[in-house]
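Notes follow the structure.
These values consider heavy atoms only, across backbone and side chains, with no hydrogens, waters or symmetry-generated copies. The structure presented is a predicted model; accordingly, all values stated were derived computationally and were not measured. Below, chain A is the first sequence line, B the second, and so on; all start at residue 1.
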Protein chains: 2
Amino acid sequence: MARKASIIGGGVIGGGWAARFLLNGWDVSVFDPDPQAERKIGEVLANARRSLPALSDVPMPAEGRLSFAASIAESVEGADYIQESVSERLPLKHRVFAEIQAVAKGVPIGSSTSGFKPSELQEGAADPSTIFVSHPFNPVYLLPLSEIVPSPKSDLQIIENAKEILREIGMFPLHVRKEIDAHIADRFLEAVWREALWLVKDGIATTEEIDEAIRMGFGLRWGQMGLFETYRVAGGEAGMKHFMAQFGPCLQWPWTKLTDVPEFTEELVDLIAGQSDEQSGKYTIRELERIRDQNLIGFLRALKDRNWGAGKVLLDHDKRRRASFHETGKTGEGAPLVMAEMQVLPGWIDYNGHMTESRYLFASSETSDAFLRLIGADMDYVANGHSYYTAETHIMHLGEAKLGDRLTGTLQVLHADEKRLHVFIRILRGDEVVASLEQMLLHVDMKAGRTCPAAPEVLAKLLPIAEAHGSLPRPAAAGRFVGQRK
Amino acid sequence: MARKASIIGGGVIGGGWAARFLLNGWDVSVFDPDPQAERKIGEVLANARRSLPALSDVPMPAEGRLSFAASIAESVEGADYIQESVSERLPLKHRVFAEIQAVAKGVPIGSSTSGFKPSELQEGAADPSTIFVSHPFNPVYLLPLSEIVPSPKSDLQIIENAKEILREIGMFPLHVRKEIDAHIADRFLEAVWREALWLVKDGIATTEEIDEAIRMGFGLRWGQMGLFETYRVAGGEAGMKHFMAQFGPCLQWPWTKLTDVPEFTEELVDLIAGQSDEQSGKYTIRELERIRDQNLIGFLRALKDRNWGAGKVLLDHDKRRRASFHETGKTGEGAPLVMAEMQVLPGWIDYNGHMTESRYLFASSETSDAFLRLIGADMDYVANGHSYYTAETHIMHLGEAKLGDRLTGTLQVLHADEKRLHVFIRILRGDEVVASLEQMLLHVDMKAGRTCPAAPEVLAKLLPIAEAHGSLPRPAAAGRFVGQRK
């Protein structure tokens, strides 16, 4: 049975939490007295549905059920996890926690607060031990970070449970061991915000110039390494000590303003809002959200390709979900093997809005690679100098896959001997074959650069499958040449 | 004739400048009295050669000539642009400028300084008007930003010339209109560095935890939108004013430390260096550089796909260079048309170290797409509801392309009529055919979902090419089926 998350407060942040839980198969009950809450959550959810699946290489679980509760008590009833994202007013948060704890005992209660320490949140609570900070970053449905901050009164088992739940929904819980104002990340954001306000107020730079100074340079660095690792690299082979000896002193120069924030006069607000309109006003906020989300998908997939940073979180998340997904290649003898399940991602689409031509061959490779792993011709086998190379392929383009379509790759062995592997691959959407691919693979000694017999243990797996598939009907497209009359 | 850049100071930053100029076809003369300079520049250049071409979709120009000068005078002789990247000591920089200006008159002299204002650099100079700040970000060969800061004594024509030169080598010159300590970006870096040092010193977080707090959250945001645009989106439809009303006040809370930097005691340096070793010590600096560069390539290509931020800089750079490159599709009648020139990029490689199977079809699509544009079946044509769809493809895998290989795609029309376009595409490395692809394309009415005759103006271009190609020998692989004996 799906587990239940209770989301108290349904703004952009609460909506992001709701979307993460829902798309990862949890039921979600939202409480927010705002009559607009359902619309607002719906908009965030639409963004999340458009973007989060693009990060996954495992089919997403069935979406959980979304409901709106009439009271906090109703929302938290039976919940396995509760996330509070109401306005940053401490008395309000205290009232919310009291209402939650009147019903929910021993359930983790994370707060999205950026400003309050967990010990402040816990003041006057019936059970301080279940309340902690779980501070995410917008867009919550894409960015993995949540800062988890306990106080000395926290129950560490609750904290560990909460971290495990966040990992299950694809997040990266960063355990902040000592509570401190603004936790970690927002201290940096405040320091930069303060500098930026002075630069605008003093007429040094516009909002657009400041944004360019960030995103054309160090912003790109910080998406993949943080401050210290970046500087470690800058220090060269001599490392961190060298960097600090070289650059430490000039970082003490009094470059930056005092910690005062300029007063928020109407003039300053108008100046910033006006510059921001000039910079970004040609896009609506909805358009900017989509641009941002698509850019983040691009970054996150680049990192995933390299198993680095936030990309490692995504790969670990896939691995966790793949383990709970049905094993492929097990549909028995005498039928094409189901070897791959895929989803058409945004990067797979061409200017016609269809899956781009070369992605059909990509989907076929996913299918044949899985088959090669099944018969033991895997990465280790390749590392030992042998591999199957594709010599020849014939593709029939039969249908059009579109963004988000779920595809299945099946493989039928037409013929196999010691050196040759002749296969027929179908790429299906449901029961419809959108492309079929006939391929001849040759077993090669990679170093010698010529064909050679496959290892006995590979043939021991391959040949029985080939024999079983011998009884399958031969596909009409097998043996076809381009332009042949039907 | 190639233009000449003089690079004074050959460390990581000077080396990055040298690499940018060289790979964009400029001759470069480096002056650095360090006996290790040649080795150091060589290492940076090797990194740049491995990564910068991966951002380009236009073949790179022939690399310029690198030389090492025995004196500043020799290095700057005949230079069109001079970049100073020596240590951050003002008297040293003044001596360097004096030596430069004894020879080079009226040539832009950019300084990589992060700490000094242009008016400080210009003090005592023979000609203050040619000296300005051009402050880049490491790795200089990948990150587009350089902050261009003039003083009131600067010659604005020199500044405009310098900005144009930086655009030519693929950079984004950010004109900072008023000089200020640390320009713009390093003010932010210093503010974050200061906070980070306190967090480590006070035992709140380790270097690794701080890096995760950055790269799992706001660091990803800042690679594609800066501070203000991100907050504009966060403010929702109500926009920037709403954001400032909502979050302005809590950003005034005294979260962050004073502007003191903690004293660089040996204890603090050891603490940070030790944590950094624990975090990143499993990689050498060379390995970290490659990881960083590959991640940045991934980010930059993601942005390029979307014509956004730093990706727009790359697209503009391609466009500028494509204009100076020879037009394709002009090798005359009676020969296969050269339709595409490509380079094997890091993302095209499989676990065998070869170009991945589906990329051969991708290279073929690049070739056929260029041909369709040539005959007028372009994006506008598609927007009007007609297109050529691939019905069937036969691929012969004949060779193995590897990272960095330059590939050419040629197209021969085997047959064409009103609805059908039968082509033979060769993907070549030099004269060697690494793959051949035979394809049947059908002209379709996209809305009706069925074939229909191509537009007369398309046929008027296509049919003469088909007729001219009728005299070419028919490729042996045309009409072949998979597994056919040769």
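Using a 4.5 Å cut-off between heavy atoms, A:Phe172 touches chain B through its side chain atoms alone. The part of A:Leu199 that comes within reach of chain B is its side chain, from C-beta onward, which places non-hydrogen atoms under 4.5 angstrom from that chain. At a 4.5 Å heavy-atom cutoff, the contact between A:Ala391 and chain B is made by backbone atoms alone. Using a 4.5 Å cut-off between heavy atoms, A:Thr206 touches chain B through backbone and side chain atoms alike. With a threshold of 4.5 angstrom between heavy atoms, A:Thr207 approaches chain B through its backbone and through its side chain. Contact annotation for A:Ile204: both backbone and side-chain heavy atoms come within less than 4.5 Å of a heavy atom of chain B. Interface residue A:Leu300: only side-chain heavy atoms are found under 4.5 Å from chain B.
Exactly one of B:Gln294, B:Arg292, B:Arg215 qualifies for a side chain to side chain contact (heavy atoms under 4.5 Å, CB included) with A:Trp308. That residue is B:Arg215.
Considering only residues two or more places apart in sequence or on other chains, B:Gln439 meets the side-chain hydrogen bond (donor to acceptor under 3.5 Å, both in side chains) condition with A:Glu357, B:Thr393.
We find that A:Glu438 and A:Arg480 are not joined by a salt bridge, their nearest charged nitrogen and carboxylate oxygen being 4.0 Å or further apart.
Judged as a side chain to side chain donor-acceptor pair (under 3.5 Å), the pairs with a partner in residues 219-228 of chain A (not counting sequence neighbours) are, in order, A:Gln224-B:Asn295.
No other option in B:Ser280, B:Ala205, B:Ala273, B:Gly11 has as many heavy-atom pairs under 4.5 Å with chain A as B:Ser280.
Centroid-to-centroid, the aromatic rings of A:Tyr389 and B:His354 come within less than 6.0 Å.
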